[in-house]
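Counting starts at 1 for both ligands and their atoms, following the listed order.
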Amino acid sequence: MNCFTLIAPNDEEERMDDTNENIPNKNQTPKPPPIFIQVQINFNNFCIKIKELTDSSGFDCKSSTNKLKLQTYSADSYRSVINYHKENNVSFHSYQSKELKTFRAVIRNLHPTTDLSLIKKELLNSGFTTRNIMPVFHKLTKTPLPIFFIDLEPGPTNADIFKITSLCYMIVKIEPAHPKRDIPQCHRCQTRGHTRSYCNHTPRCVRCGLDHESLHCTNDHSSPAKCALCNGSHPANYKGCKTYTDLIKKLAQSKNNMWNNKNKHHHTSNVINHNLPPPTDSQNFPPLNSESNPHSQTNNQNQNLDLTIQLSSFINDLKTLINPLLSLLTTVIDKFIKNGN
Ligand SMILES: [Zn+2]
Ligand SMILES: [Zn+2]
Ligand SMILES: [Zn+2]
């Protein structure tokens, strides 16, 4: 179903830089999104200013090579820091606040001609306020499908929508939407990993790479494109751009590392199992052939255990081989489909 999820407009935010968003804040309420400041600063002066702008909930910072991550701990602090930086034209980006984030779900088996206003009204009667309802079309044939994406206004009981089994006189299934697989690209500064709604970096043109909004480009469209990210002769949204392929590789690498770590864990548990007494299943379910002597039975069990260990290690090896192949295949198919369009 991934080809459908890509069609639906997606305003979900990727939080690639935000590695510890799940750590509860000092007051145990959801903390505001981090703010990434990408400009040379004097940290002492910066701290004095941020202290002025934030309330008693405080703030903290994390410095990396080319940016500073500023974490505030209250909505008021977040707003005043954002406003101050906007007013002073500071180059920064942030993300959509979790509280403002809509709740996305998929309705399946709902007839494609169902009136959107009727869906909205019925959901409202059940206590769910929709912000968007989006019909889904087949990616290749463009025929309408009996699938709708819905975005609900933030609310504590939104997950109850999955309990709904009938809507507009139809038996339906409502499920969580799969997160978007693609990395978002900012239409303002062209950097990947955040979106323009939360970007205050200098605008860069997607086509000519110069410092202006893409819409205001006055360069001749017949002149060759120049990438704002790598200076290559392609538009900044070209998926063959080295900055994009490097990012994909980096993400794949970190996924791979995660997988390998999990695998190591599995191997360890196999070793532990090896030292455990043989399974007692044979006592609960004695073999049908009662003539076999107890000694050979234990022997068989040990052989079976060895075979199981060999098999599971073989399967693990196979998995590490197959996963990169699968992702390669997905990329090839994606490209093939795009070329087909
Ligand atoms: Zn941006
Ligand atoms: Zn331009
Ligand atoms: Zn490029």
Atom of [X], atom of [Y] and distance for their closest heavy-atom approach:
X	Y	value
Ala236	Leu229	O-CD1, 3.8 Å
His201	Arg188	O-NE, 2.7 Å
Phe148	Leu116	CE2-CD2, 3.6 Å
Ser94	Tyr78	OG-OH, 2.8 Å
Ser214	Val206	OG-N, 3.0 Å

SG (Cys189) to the Zn ion (ligand 1) to SG (Cys186): angle, nearest 10 degrees? 110°
Among the N, O or S atoms of His194, the one nearest the Zn ion (ligand 1):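 Relative to the Zn ion (ligand 1), the closest nitrogen, oxygen or sulfur of His194 carries the name NE2.
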Tell me whether [X] has at least one N, O or S atom under 2.8 Å from the Zn ion (ligand 1).
X	result
His201	no
His93	no
His187	no

To the nearest 0.5 Å, what is the distance between CZ on Arg207 and CG on Leu210?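 If I round to the nearest 0.5 Å, the distance is 10.5 Å.
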Between Phe46 and His85, what is the ring plane arrangement, given parallel below 30°, perpendicular above 60°, and tilted in between? tilted
Any Lys/Arg nitrogen of Asp211 or Arg204 sitting under 4.0 Å from an Asp/Glu carboxylate oxygen of the other? no
Is it true that Arg196 and Glu213 make a salt bridge, defined as a side-chain N closer than 4.0 Å to a carboxylate O?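 A salt bridge is present here (some side-chain N lies under 4.0 Å from a carboxylate O).
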Could you check, using the six-membered ring where one of them is a Trp, whether His93 and Phe36 have ring centers closer than 6.0 angstrom? yes
Are Phe162 and Phe103 close enough that their ring centers fall under 6.0 Å? yes
Enumerate the protein N/O/S atoms at a distance below 2.8 Å from the Zn ion (ligand 2), ignoring waters.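 Near the Zn ion (ligand 2), below 2.8 Å, one finds Cys205 SG, Cys208 SG, His212 NE2, Cys217 SG.
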Under a 3.5 Å distance rule, please check whether Ser223 uses its side chain to pair with a backbone N or O of Asn219 as donor and acceptor. no
Taking 2.8 Å as the upper limit, name the protein N, O or S atoms near the Zn ion (ligand 3).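 As for protein N, O or S atoms lying under 2.8 Å from the Zn ion (ligand 3), they are Cys227 SG, Cys230 SG, His234 NE2, Cys241 SG.
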